[in-house]
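Computation of the quantities below employed the complete heavy-atom set of this structure, encompassing side-chain atoms and omitting hydrogens, waters and symmetry-equivalent molecules.
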Protein chains: 2
Amino acid sequence: MTTTTTPTEERIHLAALRLFSRKGYAATGIRELADEAGLSPSSLYNHIGSKEDLLLRIMRDGYARLWSTAQSGLDGIEEPVARLARLVQVHVYVHATYRQECRVIDAEFGELVQGAREEILGRRDDYESLWARALVAGSENGSMLVPDQRVARLGLLTMCTGVAHWFRPEGPNDVFDVSLRHVDLVLSATNATRGRRRAVASGLPLLDRSWFDRALPDRPVFQATA
Amino acid sequence: MTTTTTPTEERIHLAALRLFSRKGYAATGIRELADEAGLSPSSLYNHIGSKEDLLLRIMRDGYARLWSTAQSGLDGIEEPVARLARLVQVHVYVHATYRQECRVIDAEFGELVQGAREEILGRRDDYESLWARALVAGSENGSMLVPDQRVARLGLLTMCTGVAHWFRPEGPNDVFDVSLRHVDLVLSATNATRGRRRAVASGLPLLDRSWFDRALPDRPVFQATA
DNA sequence: GTCTATACTCTGATAGAC
DNA sequence: GTCTATCAGAGTATAGAC
């Protein structure tokens, strides 16, 4: 997802992901970060502009991944219920797989400086409007029943984002499984129907396991325990 | 909720709530906190043991409020669907009303030191088991259809907790309204039924506006803009 | 209780040799 | 690219006068 990076840049990026997600951006020192990446504090600055830049990079990468995965996942699908279901799949799958990155994005938005905040806010709004459009289209053609679009969108997005906080790969559910469970939760919550029946995950044209293996080949191997 | 506090303690507490929720615990300095509370840094230490203590206090108060409000809100209600609905009402109402406090609890758990973490974790588990029991009871008597208890509980709790992050009193929905919307989202998501019909908020024995006015009289007046 | 002054450590970032 | 040495300021917390 990141545009060509050197091994050292990659190491720094991964170290930042570990520390920022575990201790928080503000609580992570430059010396600590350098140590985790196996460099001296000053060498760090040959690869990053500043701590702030590093955070912005992480957030940019995260939203780029989410955006491009969602776009290709929706490709060729017109039916609002199916589009919403695939958005949920992608969102949950990405949040469970890139937990550290997604938690940093979620928690440290407030640490961004002026210009950076606007940029990331724009990316977030672009992404969330995919959800908004699916909900509007589903309500308009009668395949969903959503009394309050705004509350539903915010609530359901939050639910799916939360996966990054509680999911553990060593837990009882695997990533794909959890994404399907969330599809069903969202379809029920929006009272989604297909034909005359209530829509369920098993009857929809969803993305399968191999699709995710192809779309997200560079999955992180390890993750923080905290 | 807090046990008898002096005006100065109260001012420090409120200043901490504002700053911790806006900038994060780690990013908030003692000098800044003292300034916001209208004291010198050293005077601060006549009222608090340390910055860590202050955080623990905030978390303790928050869970105590959530716990006691939920307990009295459930009083006399046996039906699992109604209990779940009331838990949602209380959770959302409290998270929308005491936004700063709830955001600090949510975001800064990792900043707690050893002993404190265990204490707060215990309080959280106690509280969440109220939700777990309602879901189990509803599934067992057939009034809810929840394929995966654990995922549903975590997902729905996260959705309701998220209200503290996006809710604004000046927005289109008022607090009570948002809580009812969430009751409907949760009832739909759990496929809750009453008799032969799907359960909806309007048909259940819920808590009304005046109940919340009585149960939570000491509402905070102002809230952070960030 | 309030304050000024300060201790000591750690912060992000840079200079300059190699 | 790597490093050691260092800067100026901010971190939490305390001493001690009032």
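As rounded to whole Å, 5 Å separates atom P of D:dT2 from atom CG of A:Leu39. Rounded to an integer number of Å, the gap from CG of A:Leu44 to P of D:dT4 is 14 Å. For B:Leu33 and D:dA10, the CG to P distance is 17 Å, given to the nearest whole Å. In this structure, the CG atom of B:Leu19 is 12 Å from the P atom of D:dG11, given to the nearest Å. With rounding to whole Å, A:Arg11 atom CZ is found 12 Å from D:dT2 atom C1'.
Using a distance-only test at 3.5 Å, with no hydrogens or angles considered, a donor-acceptor pair links the side chain of B:Thr190 to the main chain of B:Leu187. Of the possible donor and acceptor atoms, one in the side chain of A:Arg11 sits under 3.5 Å from a partner among the backbone N and O of A:Ala37.
Of all heavy-atom pairs spanning B:Ala85 and B:Val183, the tightest one is O-CG2, 3.5 Å. When every heavy atom of A:Ser21 is checked against every heavy atom of A:Arg103, the shortest pair comes out as O-NH2, 3.4 Å.
Under the rule for a side-chain contact (heavy atoms from CB on, under 4.5 Å), the partners of B:Asp213 that lie at least two apart in sequence or sit in another chain are B:Tyr93, B:Arg219. With sequence neighbours excluded, the residues forming a side-chain contact (heavy atoms from CB on, under 4.5 Å) with B:Leu44 are B:Ile12, B:Ile30, B:Leu33, B:Ala34, B:Ile48, listed by chain and number. For B:Asp174, the side-chain contact (heavy atoms from CB on, under 4.5 Å) criterion is met by B:Phe176, B:Asp177, B:Arg209, not counting sequence neighbours.
Taking 4.5 Å as the limit, every side-chain heavy atom of A:Phe212 sits out of range of all side-chain heavy atoms of A:Val175.
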Quick one: what's the B/S/- string for nucleotides 12-18 of chain C, heavy-atom cutoff under 4.0 Å, read 5' to 3'? BBBB---
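Remark: nothing in residues 108-118 of chain A comes within less than 4.0 Å of DNA chain C through any heavy atom.
The aromatic rings of A:His91 and A:Trp131 stand perpendicular to each other, their planes meeting at an angle above 60°, with 30° marking the opposite boundary. Relative ring orientation between B:Trp166 and B:His182 is described as parallel, the plane-to-plane angle staying below 30° on a 0-90° scale split at 30° and 60°.
Note on the helix from C:dG1-D:dC18 to C:dC18-D:dG1: terminal axis deviation equals 10°, with five pairs used at each end and the result rounded to 10°.
A distance of 8.5 Å separates OG1 of A:Thr28 from CZ of A:Arg22, quoted to the nearest 0.5 Å.
With C:dT4, D:dT2, C:dT2 as the choices, the nucleotide that has an atom nearest any side-chain atom of B:His47 turns out to be C:dT2.
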